[in-house]
Amino acid sequence: MSRTIFMNDHLVPEEDARVSVFDHGLLYGDGVFEGLRSYSGRVFRLNAHLDRLWASARAICLEIPMSKDRMAQAVLDTLAANNLEDGYIRLVVTRGTGTLGLDPNKCSNPQVIVIADTISLYPKEFYEQGLRIVTAATQRIQTAALSPRIKSLNYLNNIMAKLEGLQAGCVEALMLNHKGEVAECTGDNVFVVRGERLLTPPPDAGILEGITRAAVMELADKEGLDCRETSLTRHDLYTAEECFLTGTAAEVIPVVEIDGRTVGEGTPGPITQKLKDCFHALVRQDG
Ligand code: PXG
């Protein structure tokens with residue numbers, strides 16, 4: 001079935017949603033994106049996603065040719081046009097059509113694309129039994145080279161690590177920063193439980209500041225858990241009582257094995273379970 005895509009202020013059939021081969025989004029990965037979810041027709045933390053999209057665009061000197069309000073409406077219109085209540089929304093803004101050279105100032109007409117679709121979750125058993133992950137040899141790109149806080153169309157750093165995970169028979173891979181500290185997974189943030197504390201790497205470890213991560217930190221606070229941003233090593237993960245990942249696509253998913261080491265009891269822990277339940281309740285009530 002053909003989907004309906006929002007492209008540059010119009011809803012069009014998928015077949016008509018096309019970009020130029022000269023678009024720098026394609027030629028150089030020059031552009032930004034967001035991934036959002038809707039639950040029962042409500043988009044989870046839409047404003048936070050829009051703010052992050054605008055921040056990513058600002059960081060690369062890309063002016064998004066519409067207001068945040070218009071983009072918010074486009075998201076709702078695209079979901080409605082595709083009859084989606086529980087859906088996944090991809091926002092893409094490309095640099096636009098330019099010449100065969102890097103110069104972004106020679107580009108015109110940034111393309112604004114909104115895709116709404118269903119999302120293929122990890123199999124249910126991963127949520128119940130937990131994931132096995134491995135550390136990728138591919139390091140998270142250094143902040144001084146390209147800030148991981150920019151959600152850019154160039155995701156090769158993450159894709160290289162994802163390939164390593166897949167080659168090792170895992171659906172996710174852990175990425176370290178250039179100092180050997182834990183950064184994040186290829187499309188998810190990482191948390192561990194140690195004692196009564198929930199720990200997660202800080203933004204300067206070279207991570208995307210996940211919106212699910214922020215929501216889980218708020219929930220932990222409400223549950224009376226002490227949640228801290230702190231630098232973590234692989235040793236901290238191997239010896240943690242619990243470990244889980246957060247992300248728009250993955251939501252909250254337990255990790256039970258890292259690099260062949262069993263985490264905790266090798267089954268999803270009680271704090272992970274609690275936060276997962278709280279998160280599912282939150283997405284049904286939060287705008
Ligand atoms: N780190 C990275 C590198 C990400 O790309 C997250 C953490 C989690 O952030 P949020 O805000 O989603 O909690 C991401 C998000 C996909 C997909 O299609 C990837 C993400 C989000 C949605 C879909 O693989 N990455």
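Side chains included, hydrogens not; waters and symmetry mates left out as well; all remaining heavy atoms used. Read the numbers this way: they start at 1 and go in the same order the structure lists the ligands and their atoms.
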>> Tell me the closest heavy-atom pair linking Arg95 and Pro104, and the distance in Å.
In response: NE-CB, 3.5 Å
> Does one side chain, of Thr97 or Asp23, offer a donor that lies under 3.5 Å from an acceptor on the other?
Replying inline: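 Distance-only check fails for Thr97 and Asp23.
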>> I'd like to know if the side chain of Gln73 pairs up with that of Asp77 as donor and acceptor (distance under 3.5 Å, no hydrogens or angles considered).
In response: yes
Identify the closest protein heavy atom to [atom]: which residue and atom is it, and at what distance?
| atom | result |
| --- | --- |
| atom 2 (C) of ligand 1 | Glu184 OE1, 3.5 Å |
| atom 9 (O) of ligand 1 | Gly210 CA, 3.4 Å |
| atom 13 (O) of ligand 1 | Thr212 OG1, 2.6 Å |
| atom 18 (O) of ligand 1 | Arg90 NH2, 3.0 Å |
| atom 17 (C) of ligand 1 | Tyr88 OH, 3.7 Å |
| atom 12 (O) of ligand 1 | Thr248 OG1, 2.5 Å |
| atom 6 (C) of ligand 1 | Gly187 O, 3.4 Å |

> Where the closest heavy atom to atom 3 (C) of ligand 1 is concerned, which of Ile159, Asn158, Asp188 has it?
Replying inline: Asn158
Going by heavy atoms in the side chains, are [X] and [Y] under 4.5 Å from each other?
| X | Y | answer |
| --- | --- | --- |
| Val263 | Ile258 | yes |
| Ile113 | Val19 | yes |
| Ser38 | Val43 | yes |
| Gln129 | Pro254 | no |

> Is there a donor-acceptor contact under 3.5 Å from the side chain of Asp277 to the main chain of Lys274?
Replying inline: no
> Do Gly247 and ligand 1 have an N or O pair less than 3.5 Å apart?
Replying inline: no
> Is there at least one pair of N or O atoms, one from Tyr155 and one from ligand 1, spaced under 3.5 Å apart?
Replying inline: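 Tyr155 vs ligand 1: N/O contact under 3.5 Å present.
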>> Under a 4.0 angstrom heavy-atom cut-off, which atoms of ligand 1 come close to Thr186?
In response: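 Reading through ligand 1 atom by atom, the close ones are 3 (C).
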Does ligand 1 have any atom that is closer than 4.0 Å to a heavy atom of [X]?
| X | value |
| --- | --- |
| Arg140 | yes |
| Leu36 | no |
| Lys151 | yes |
| Glu209 | no |

>> Between Lys68 and Asp51, does any side-chain N to carboxylate O distance fall below 4.0 Å?
In response: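 Looking at Lys68 and Asp51, the cut-off is met.
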> What part of Ile207 sits under 4.0 Å from ligand 1 if we count only heavy atoms: the side chain, the backbone, both or neither?
Replying inline: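 No part of Ile207 comes within reach of ligand 1.
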>> Going by ring-ring contact (aromatic ring centres under 6.0 Å, His included), name the residues that satisfy it together with Tyr122, two or more places apart in sequence or in a different chain.
In response: none
